[in-house]
Amino acid sequence: MIDLKLLRDDPERIRAALKKRNSDIDLDRIIEMEKQRRAGMTEVQELKSKRNALSEEIAKLKRQGEEPEKLMEQARLLSEQIKKKEEKQRETEQNFGDAVQWLPNVPHESVPVGAGPEANRFIRGLTKAPEADFEVLPHWDICEALDILDLKRASKISGSRFILYKGMGALLERALINFFLDLHTTKHGYTEIFPPVLNPTECLYGTGQLPKLESDMYRCRDDAFYLTPTAEVPLTNMHREEILLEKQLPVRYVAYTPCFRREAGSYGKEVRGITRVHQFNKVELVKYATPENGYTEFEKMLKDAEAAVKALRLPYRIMLLCTGDMTFASAITYDIEVYAPGMKEWLEVSSISCYEQYQSRRANIRYRRPGKGVDFVYTMNGSGLATPRTFIAIVENYQTEDGRIKIPDVLRQYVGVDSIGK
RNA sequence: GGAGAGGUGGCCGAGCGGUCGAAGGCACCCGCUUGCUAAGCGGUUUCUCGUCGAAAGAUGGGACGGGAGUUCGAAUCUCCCCCUCUCCGCCA
């Protein structure tokens with residue numbers, strides 16, 4: 001949620017942010033609703049103040065053994081009036097609340113303005129796709145040849161855009177998950193969490209998937225749960241409605257979870273292979289920090305994710321997303337992309353976002369600074385990494401001319417062999 | 001699924017329908033003190049939303065799991081829901 005004080009005191013900043021994001025939200029309507037809401041609030045409060053005074057008076061008289069019937073009658077009428085006003089006010093609040101949920105975060109000033117990927121800014125890494133000295137097979141071909149993915153049967157048991165890893169493929173996938181978890185827990189100071197992946201509606205509002213991304217998620221029919229689209233949801237909601245101590249911060253969590261996405265509307269794109277699927281594995285990083293340290297921690301998180309790509313020795317680049325490419329709740333987002341020489345494409349394997357206080361306001365996650373009251377924490381998260389595309393990058397980059405796949409050094413202790421095939 | 005207990009401030013934990021935003025403790029912060037790996041003494045500190053104010057602050061509303069009700073008035077009474085714990089049953 002955006003800061004309501006900003007809405008009141010400096011709406012032009014929000015208007016500018018909306019423009020940068022190409023949003024067509026009617027801000028004036030929301031401002032108007034907010035004014036109405038406050039006016040109504042004041043009215044109700046004044047009536048209640050009167051009633052409280054009356055009640056006190058009654059109590060006093062009763063203690064003296066009197067029966068102040070006239071006052072009681074007056075108070076009764078007041079109460080009725082209050083009830084009516086309150087009902088109206090509740091409606092006003094509800095409408096305002098619903099509307100304000102749709103306001104996206106204000107982008108950080110360093111974020112380039114633009115509509116699509118072409119406006120993203122290169123930060124570091126490879127400027128050019130590396131060339132292989134032989135014809136690299138795309139992952140769907142090499143994986144079929146080596147019998148480590150079975151997409152036909154995945155489709156038989158679940159449908160299109162599902163992955164079935166098999167044999168050494170399953171082992172490689174498992175190795176990746178373990179490697180990522182070990183890396184972040186032992187080298188980067190994250191605490192491992194293994195959370196539930198069915199999350200209730202409140203959690204999805206908390207992190208900002210709802211209301212906007214409703215149709216991108218799987219919902220349970222009989223219970224108010226969504227299948228988690230990312231571990232960001234459980235990890236960030238762990239401290240929902242809490243006041244943390246300043247000395248606890250930063251809190252760093254890492255979790256492996258499967259992630260579920262309907263990918264509605266993406267049909268026709270990326271049809272082959274496993275770049276875009278309904279269920280995938282991801283190791284996710286989440287941090288809670290103070291506003292002062294927020295961006296330092298954020299840059300560190302980018303490095304933590306980058307370390308994973310580096311350790312696997314994959315060709316990569318880091319892009320700063322433009323306003324049009326960022327998600328709704330994010331103030332700033334970096335993508336780490338690896339190159340897949342078989343597909344001849346750059347693939348996003350990690351997206352690292354800082355939400356500043358946008359999520360913490362929604363989820364009411366605060367911290368106490370000794371002697372200086374409470375404030376909302378900064379939250380941020382990043383993939384560290386998502387496996388399917390990392391898997392692709394490995395089978396395509398580590399492919400040999402004779403059709404094998406070498407195992408990256410750092411994974412050997414998990415896989416137990418040097419290569420897959422022959 | 002059945003039976004019972006319970007959900008109160010950052011944490012633990014009291015709380016006859018009005019003087020309870022809530023005893024006490026812990027923690028925290030601020031002083032003082034002390035010759036010892038820290039203790040003692042005193043004091044402060046719930047959160048939230050309005051209004052006025054540049055600010056310090058002043059003033060009012062609200063919050064004791066959530067919602068509805070009874071009442072002039074609810075942490076306290078009634079109903080519904082949610083959650084936690086214990087026991088029984090069932091199941092991986």
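The sequence lines fix the lettering, A, B, ..., with proteins before strands; numbering per chain opens at 1. Excluded from the calculations below are hydrogen atoms, water molecules and symmetry mates; all remaining heavy atoms, backbone and side chain alike, are included.
- Separation of the C1' atoms belonging to B:rU86 and B:rU34 is 49 Å when rounded to the nearest angstrom.
- Residue contacts shown for A:Ala59 include a base, since a base heavy atom lies under 4.0 Å away.
- Regarding A:Lys50, its NZ atom lies at a distance of 14 Å from the C1' atom of B:rG61, rounded to whole Å.
- Base pairing of B:rG40 is made with B:rC32, judged by Watson-Crick or G-U wobble geometry with both donor-acceptor distances under 3.5 Å.
- Taking atom CG of residue A:Leu54 and atom P of nucleotide B:rG18, one finds them 19 Å apart after rounding to whole Å.
- The distance between atom CG of A:Leu71 and atom P of B:rU71, rounded to the nearest whole Å, is 18 Å.
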Could you check A:Asn199 against A:Asn237 for side chain to side chain contact (heavy atoms under 4.5 Å, CB included), going step by step and ending with a plain yes or no?
CA-CA 10 Å; A:Asn199 305 122; A:Asn237 277 282; over 6 Å; no

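- Distance noted for atom P between B:rU45 and B:rU84: 36 Å (whole Å).
- Listed pair A:Arg38 / B:rG50 fails the phosphate criterion, with no side-chain N or O lying under 4.0 Å from OP1 or OP2.
- Among B:rG62, B:rC49, B:rC72, the nucleotide with an atom closest to any side-chain atom of A:Met41 is B:rC49.
- Pair assignment for B:rC47 gives B:rG62, based on Watson-Crick or G-U wobble hydrogen-bonding distances that are each under 3.5 Å.
- The residue among A:Glu34 and A:Glu46 whose nearest nucleotide of RNA chain B lies closer to the 5′ end is A:Glu34.
- From A:Gln209, atom CD reaches atom OG1 of A:Thr201 across 12.0 Å, with rounding to the nearest 0.5 Å.
- Taking only side-chain atoms of A:Thr42, from C-beta outward, the nucleotide of B:rU51, B:rC47, B:rG62 with the closest atom is B:rU51.
- Listed nucleotides B:rG73, B:rG61, B:rC47 differ in distance to A:Ser49; the shortest reach to its side chain belongs to B:rG61.
- Annotation for A:Arg21 and A:Thr327: closest pair NH1-O, 3.2 Å, computed over non-hydrogen atoms.
- Protein atom CD of A:Glu80 is 10 Å distant from nucleotide atom P of B:rU71, rounded to whole Å.
- Taking atom C1' on both B:rG62 and B:rC83, the two are 24 Å apart, rounded to the nearest angstrom.
- If you check B:rG73, B:rG18, B:rG50 against the side chain of A:Ser79, the one that comes closest is B:rG73.
- When the side-chain nitrogen and oxygen atoms of A:Arg8 are compared with OP1 and OP2 of B:rG50, one or more of them lie within a distance under 4.0 Å.
- Between A:Asn52 and B:rG61 there is a side-chain N or O to OP1 or OP2 distance below 4.0 Å.
- Side-chain N/O atoms of A:Arg90 include none lying less than 4.0 angstrom from OP1 or OP2 on B:rG62.
- Residue A:Arg37 places none of its side-chain N or O atoms closer than 4.0 Å to OP1 or OP2 of B:rC49.
- Closest approach to the A:Lys48 side chain among B:rG18, B:rC72, B:rG61 is made by B:rG61 (side chain taken as heavy atoms from C-beta onward).
- Rounded to whole Å, the distance from CD on A:Glu241 to P on B:rC83 is 16 Å.
- Between the CD atom of A:Gln45 and the P atom of B:rG61 there is a distance of 8 Å, given to the nearest Å.
- Residue contacts shown for A:Ile58 include a base, since a base heavy atom lies under 4.0 Å away.
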Go through it in stages, so that I can follow the logic: the residues are A:Glu299 and A:Tyr334, the test is side chain to side chain donor-acceptor pair (under 3.5 Å), and I'd like the CA-CA distance, side-chain angles, deciding distance and then a yes or no.
CA-CA 10 Å; A:Glu299 291 299 326; A:Tyr334 292 111; 3.0 Å; yes

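- With a cut-off of 3.5 Å on both pairing distances, the Watson-Crick or G-U wobble partner of B:rU86 is B:rA3.
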Report all side-chain donor-acceptor pairs from residues 103-114 of chain A shorter than 3.5 Å, counting only partners two or more places apart or in another chain.
| residue | atom | partner | partner atom | Å |
| --- | --- | --- | --- | --- |
| A:Asn105 | ND2 | A:Ala329 | O | 2.9 |
| A:Asn105 | ND2 | A:Tyr355 | O | 3.1 |
| A:His108 | ND1 | A:Ser110 | N | 3.1 |
| A:His108 | ND1 | A:Ser110 | OG | 2.8 |

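- For the C1' atoms, the distance from B:rC72 to B:rA56 is 38 Å, rounded to whole Å.
- We find that NZ of A:Lys62 is positioned 11 Å from C1' of B:rG17, with the value rounded to whole Å.
- Counting non-hydrogen atoms under 4.0 angstrom, A:Lys60 reaches nothing in the nucleic acid.
- B:rC26 is paired with B:rG10 under the criterion used here, namely a Watson-Crick or G-U wobble arrangement in which both key atom distances are under 3.5 Å.
- A gap of 26 Å separates the P atoms of B:rG73 and B:rG15, to the nearest Å.
- Nucleic acid contact class of A:Val44 (heavy atoms, under 4.0 Å, all strands): none.
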Applying side chain to side chain contact (heavy atoms under 4.5 Å, CB included), run through A:Asp182 and A:Tyr414 and close with a yes or a no.
CA-CA 11 Å; A:Asp182 288 346; A:Tyr414 296 94; 2.6 Å; yes

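- Comparing the P positions of B:rA27 and B:rG18 gives a spacing of 33 Å, expressed to the nearest Å.
- In this structure, B:rC72 forms a base pair with B:rG18, meeting either the Watson-Crick or the G-U wobble geometry with both donor-acceptor distances under 3.5 Å.
- Annotation for A:Gln359 and A:Thr207: closest pair NE2-O, 3.0 Å, computed over non-hydrogen atoms.
- In the set B:rC47, B:rG73, B:rC49, B:rC47 carries the atom at the smallest distance from any side-chain atom of A:Arg368.
- With a 3.5 Å ceiling on both atom-pair distances, the Watson-Crick or G-U wobble partner of B:rG57 is B:rC52.
- Nearest nucleotide to the side chain of A:Lys83, out of B:rG50, B:rC72, B:rU70: B:rU70.
- The minimum heavy-atom distance between A:Leu172 and A:Leu411, with the atom names listed, is CD1-CD1, 3.8 Å.
- B:rC41 and B:rC26 have their P atoms separated by 10 Å, given to the nearest Å.
- Between A:Arg51 and A:Glu56, the residue whose closest nucleotide on RNA chain B is further toward the 5' end is A:Glu56.
- Separating the CD atom of A:Glu242 from the P atom of B:rU48 is a distance of 15 Å, rounded to the nearest angstrom.
- Annotation: B:rC28 and B:rG43 have their C1' atoms spaced 13 Å apart (nearest Å).
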